[in-house]
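Structure record follows, encoded as structure tokens.
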Amino acid sequence: MAETRRRLRSSTVVLGGMGVLAAALSACGSDPDRRCVDRDSYDYLNGYKIVADKNCKSSGKTSGSISTSRTNADWYYDADVSRGYADDGTFSRSEAVDRGGFGCSGSGSSGG
């Protein structure tokens, strides 16, 4: 009976560990978190004001002739989001991907 419990616990740990590893590796290949923000709305304390996604095209910037709003909207990646503002992120998708995370290749850079 004790051997059955020990084996069961062992296999549970192995299966649980594999699930965590799979989640970490699949997160690496996914797109970074992004928010559509108004580049002209930067506030020193809060960051950039988040606007509706429709203001941002998938390529990044909005086209003045197509967009009906007057925002200078762009995608802002891997930002801290609070009360409708995004801060401490980047406008560069490739930089956001390079930052990596657990299980991801590339350590990013700490610029200077």
Nearest atoms (heavy-atom pairs only) where [X] meets [Y]:
| X | Y | value |
| --- | --- | --- |
| N46 | D87 | O-CB, 3.6 Å |
| C36 | A52 | SG-O, 3.4 Å |
| D38 | Y48 | O-CD2, 3.5 Å |

Return the [atom1] to [atom2] distance between [X] and [Y], rounded to the nearest 0.5 Å.
| X | Y | atom1 | atom2 | answer |
| --- | --- | --- | --- | --- |
| D78 | R93 | CG | CZ | 10.0 Å |
| Y77 | D33 | OH | CG | 10.5 Å |
| C56 | R35 | SG | CZ | 12.0 Å |
| D74 | S92 | CG | OG | 10.5 Å |

- Query: Taking a hydrophobic cluster as the set of Ile, Leu, Val, Met, Phe, Trp and Tyr residues connected by side-chain heavy atoms closer than 4.5 Å, whether directly or through intermediates, do V51 and Y42 fall within one such cluster?
  - Reply: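 Result: no, two separate clusters.
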
- Query: Mind checking whether T90 and W75 have side chains closer than 4.5 Å, heavy atoms only?
  - Reply: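 No, every pair of side-chain atoms sits at 4.5 Å or beyond.
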
- K49 and V37, any side-chain heavy atoms less than 4.5 Å apart: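 Answer no - side chains too far apart.
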
- R39 NZ/CZ over F91 ring centroid, <6.0 Å and within 45° of normal: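 Relative to the ring axis of F91, which defines the angle, R39 lies inside both limits.
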
